[in-house]
There are 2 protein chains.
Amino acid sequence: MNISNKVLGRLTRYRALLTEYFPKEKTHIFSHELAAMMGLSASQIRRDLMCLGYYGVPRYGYEISELVKYINEILDASKLHHVAIVGAGNLGRALMTFLESRRATLKIVAAFDEDPSKSNRMINGVPCHSMDAAEEILRREDIRIAILCVPGSEAQRVTDRLVRAGVKGIMNFAPVPIRIPVGVALEEIDVTSALERVAFFTNNRANAPKERRHADR
Amino acid sequence: MNISNKVLGRLTRYRALLTEYFPKEKTHIFSHELAAMMGLSASQIRRDLMCLGYYGVPRYGYEISELVKYINEILDASKLHHVAIVGAGNLGRALMTFLESRRATLKIVAAFDEDPSKSNRMINGVPCHSMDAAEEILRREDIRIAILCVPGSEAQRVTDRLVRAGVKGIMNFAPVPIRIPVGVALEEIDVTSALERVAFFTNNRANAPKERRHADR
DNA sequence: CCAATGACGTGAACAAATTCACAACGTTCC
DNA sequence: GGAACGTTGTGAATTTGTTCACGTCATTGG
């Protein structure tokens, strides 16, 4: 079966919840319990888990350690990915520490910035280089994933450089959409847009929808 | 017509693109031009714009200033929203400057943190208070929107406090889902999950989909 | 003035995502 | 051992989102 982006996103969150924020003594979980924690419907949980090839048992639920194992397998969590942060402004630097040791398989190994005062030194434990060195270091360190935290006006230009240097996945925090060739994965995180959506539903006129939760029956 | 979240998100991005990253001398734009910039199909752009009640003219396209005016109207951009950042760690502090003056109608007026060394002083131009003062200040400053940047273990507890204090919209950066009562808007931004999705498609096995682009015919 | 153009608006088709509803089946209890 | 229970897995229905395809219309050029 083909796993959609949306399912993928939820699977990663199930895993995070189960491995990091779930009482260690519990060994099993029901779809409706996970649903309650995630704010989703139980049937959606079950649908998502169907993709894994792991099956729960009625009246017992899903064995947590097995579940995590199967999710890891789908996500191919054995591979270590080298990640670069491009743009060491406030946001870039914050992400260095935020992402530090969050996932063992995602390791931030370099940062780049055009500002000379930021390059050629460690920042938050990450070696920061000049943009000029980007191509060489991306290849040398085998970096395939980049987190883009440059100003909107630079975003497309920098993206093109990264792609030429062999980057295969980009998470874009710049407030403009970027274009990428097919074969490169893209995740756009537009914080301003998200905040505006929240503000919209906060207006009296609109009665906020969002993340419904449902009992199974 | 009811505007869906997805459409809403795209509208905010159209506006950002048109007002901030588009040559000032151009007064009109075609659906296919906007589509190319956004990485979407032209027909989707036209569908989205249908919601606005503003109509372009064939062969001329859409008048940019009008378009922006109508989007503003839908988003009710006249209202000023006070926003609080909860959790003044690296990420919270970065968002203070990142969101500074990005949208005139979204103003960060306060921050809160449990760490006493961070409270009762200005950080990045934002007055930062102790969490104990949250309820009082949220009401006094009429803050209805909060950006949650606390550790996952604190997220739900802090959320409950915010909601009790009258917050109507939350943008959650904590790496766990939070539950909110109906009537409160929620936007979850899970950076780790997004990065994992990118990593997934960067693996050789999967051939990355994402943001297709299409000509109209 | 009229035909050709090329973009718009939109009904209809299509696709994706979610929910419903229920059969199947371990488990528990009597 | 057998009936009752409660949860799973999944086909079908529904809802939501996207694309197609074409009629319409303002403009341009002959």
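Order of the sequence lines sets the chain letters (A, B, ...), proteins ahead of strands, with each chain counted from 1.
- Atom CG of B:Leu34 and atom P of C:dA7 are 14 Å apart (whole Å).
- Remark: the A:Asp160 side chain and the A:Gln156 side chain contain an N/O donor-acceptor pair separated by less than 3.5 Å.
- Nucleotide C:dT10 holds its P atom 12 Å from the CG atom of B:Leu52, rounded to whole Å.
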Below 3.5 Å between N/O atoms, which protein atoms pair up with nucleotides 1-6 of chain C? Just atom names and distances, please.
residue : atom : partner : partner atom : Å
C:dT5   : O2   : B:Arg59 : NH1          : 3.1

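- Between A:Arg13 and B:Glu188, at least one side-chain nitrogen of the basic residue sits less than 4.0 Å from a carboxylate oxygen of the acidic one, meeting the salt-bridge criterion.
- B:Arg144 has its side chain out of reach of B:His82: every pair of non-hydrogen atoms, C-beta onward, lies at least 4.5 Å apart.
- Between the CG atom of B:Leu49 and the C1' atom of C:dT10 there is a distance of 14 Å, rounded to whole Å.
- A side-chain donor-acceptor contact under 3.5 Å links A:Ser193 and A:Arg197.
- In the set C:dG9, C:dA17, D:dT19, C:dA17 carries the atom at the smallest distance from any side-chain atom of A:Lys6.
- Atom C1' of nucleotide C:dG9 and atom OH of B:Tyr54 are separated by 14 Å, given to the nearest angstrom.
- We find that CE of A:Met38 is positioned 11 Å from P of C:dT18, with the value rounded to whole Å.
- A cation-pi arrangement, defined by a distance under 6.0 Å to the six-membered ring centre and an angle within 45 degrees of its axis, is present between A:Arg102 and A:Phe98.
- With sequence neighbours left out, A:Glu135 forms a side chain to side chain contact (heavy atoms under 4.5 Å, CB included) with A:Arg161, A:Ala165.
- The aromatic rings of A:His28 and A:Tyr60 sit perpendicular to each other, their planes meeting at more than 60°, with 30° as the lower class boundary.
- C:dA17 atom P lies 12 Å from atom CD1 of A:Ile3, rounded to whole Å.
- The phosphate of C:dC20 (OP1 or OP2) has no side-chain N or O of A:Ser43 nearer than 4.0 angstrom.
- Atom-to-atom, CE of B:Met50 to C1' of D:dG17 comes out at 14 Å; the value is rounded to the nearest Å.
- For the pair A:Val109 and A:Ile137, the minimum side-chain heavy-atom distance is 4.5 Å or more.
- The pair A:Asp76-A:Lys79 meets the salt-bridge criterion, since a charged nitrogen lies less than 4.0 angstrom from a carboxylate oxygen.
- Nucleotide D:dT14 holds its C1' atom 12 Å from the CZ atom of A:Arg47, rounded to whole Å.
- At a non-hydrogen distance threshold of 4.0 Å, A:Gly61, A:Tyr62 from residues 60-72 of chain A come into contact with DNA chain D.
- Distances shorter than 4.0 Å separate none of the side-chain N or O atoms of B:Ser31 from OP1 or OP2 on C:dA7.
- Each of D:dT19, C:dA21, C:dT19 was ranked by its minimum atom distance to the side chain of A:Gln44; first place goes to C:dT19.
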